[in-house]
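Here's the structure, in structure tokens; my notes come after.
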Protein chains: 2
Amino acid sequence: MGKRGKSNRFNVFLNYKLWLSSMSGDGIISEEVYTLLNGIRDKGSLKAAAEAADISYRKAWGDLKQAESMLGYDLTEKTRGGKKGGHSELTPAAKKLLEAYAALQEKLDDAVEEAYLELKKKMEN
Amino acid sequence: MGKRGKSNRFNVFLNYKLWLSSMSGDGIISEEVYTLLNGIRDKGSLKAAAEAADISYRKAWGDLKQAESMLGYDLTEKTRGGKKGGHSELTPAAKKLLEAYAALQEKLDDAVEEAYLELKKKMEN
DNA sequence: TGCCGTTATGCAAAGATAAACATATCGGTA
DNA sequence: TACCGATATGTTTATCTTTGCATAACGGCA
């Protein structure tokens, strides 16, 4: 047998979750909302985005509404009726938010990864 | 009136939450468990720690048990009966975990703060 | 040995969260 | 104008989480 590492391997994963909240803490924009916005951008409707995210339309609609009310401006432009029954698309502000969020997530992913390796090292000593 | 910043102030806060999980994702060590461990260290009993954290003893006990089962080793040494009815104290492993976690949290707090400022700047342009 | 306060644990009740269901509205198009 | 499919929203059900209650075991101490 060759040598090997300590036997108490710290065999767990570090996860994290981000969200934006209002000062009062009532409304939140969770990662779910970002998923929805991405879906809306890709599919052109909240219904399709909700299905893709595997959450009920009712909840998706409520979450989006709450996010918009919290920010104080719209993230989507919605229309009812029309050839395809209606559709939703992102406002410029939403597009900016998605971009900014992606950058933020990448940066934090790196920070978490780094912190995790340190945690692990400490726990294996 | 002098000049002032853009009016669409991005007036929300960035929050984050950390937790450790097993590969399968079933068991987790949430921030709550860290709070409990801190409480146990300070007060010497799970009951007191649960009260301080404002969660039911039932849940605190269950969470702790789950965390220990996930890690595969004990985080607390418990005794029943005795002069004060019983008590709990941290194992060396738990102390190490708390230390490592505090360092991790500090590091990530900084990273999040930094990322938030960037996000904000982007959203205000 | 009976009491106290804590750990330990099952089970029922209560609360929170999300899904499901039910309609209504809208505006192109057949 | 009737139909389609998506938005919009209230109401009811189901699910998931947490609390609360009950009860047992334990071991110093009066």
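None of these values were measured; they are calculated from a predicted model. Chain letters run A, B, ... following the sequence lines, proteins first and then strands; every chain starts at 1. Below, each value reflects all heavy atoms present in this structure, side chains not excepted, and no hydrogens, waters or symmetry copies.
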Which nucleotides of nucleotides 10-23 of chain C have their base under 4.0 Å from a protein heavy atom (B), which only their sugar-phosphate (S), and which neither (-), written as one string 5' to 3'? BB------SSB---

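- B:Asn15 CG to A:Ile28 CD1: the interatomic distance, rounded to the nearest 0.5 Å, is 8.5 Å.
- Residues A:Val33 and A:Tyr57 are members of one and the same hydrophobic cluster, defined by side-chain heavy-atom contacts under 4.5 angstrom among Ile, Leu, Val, Met, Phe, Trp and Tyr.
- Here the P atom of nucleotide D:dT19 and the CD atom of B:Glu51 are 12 Å apart, to the nearest Å.
- Summarising the geometry, the separation between CG on B:Leu64 and C1' on C:dA8 is reported as 12 Å, rounded to the nearest angstrom.
- Few gaps surround NZ on B:Lys122; more than 12 heavy atoms of other groups in view lie less than 6.0 Å from it.
- Taking side-chain N and O atoms only, A:Ser88 has a distance below 4.0 Å to OP1 or OP2 of D:dT7.
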Starting at the 5' end of nucleotides 25-30 of chain C, put B wherever the base has a protein heavy atom under 4.0 Å, S where only the sugar-phosphate does, and a dash everywhere else. BBBS--

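- Residue B:Asp74 contributes atom CG, which lies 13 Å from atom C1' of C:dT7 at whole-angstrom precision.
- When rounded to the nearest whole Å, the span between CD of B:Glu77 and P of C:dA8 equals 11 Å.
- In this structure, the CD atom of A:Glu68 is 12 Å from the P atom of D:dT7, given to the nearest Å.
- B:Gln105 contributes atom CD, which lies 11.0 Å from atom CG of B:Asp110 (distance to the nearest 0.5 angstrom).
- Ring centroid separation for the pair A:Tyr16 and B:Tyr16 does not come in under the 6.0 Å cut-off.
- Residues from residues 40-49 of chain A placing a heavy atom under 4.0 Å of any atom in DNA chain D, listed by number, are A:Ser45, A:Leu46, A:Lys47.
- Taking a cutoff of 4.0 Å between a charged side-chain nitrogen and a carboxylate oxygen, A:Lys43 and A:Glu51 do not qualify as a salt bridge.
- A salt bridge is defined here as a Lys NZ or Arg NE, NH1 or NH2 lying under 4.0 Å from an Asp or Glu carboxylate O, and A:Glu68 with A:Lys78 meets this definition.
- Taken to the nearest 0.5 Å, the CG atom of B:Asp63 stands 10.5 Å off from the CD1 atom of B:Ile29.
- Atoms OH and CD, from A:Tyr101 and A:Glu31 in turn, are 3.5 Å apart once rounded to the nearest 0.5 Å.
- Taking the charged nitrogens against the carboxylate oxygens, A:Lys95 and A:Glu89 have no contact shorter than 4.0 Å, which rules out a salt bridge.
- Side-chain atoms of A:Thr35 do not come within 3.5 Å of backbone N or O of A:Ala53 as any donor-acceptor pair.
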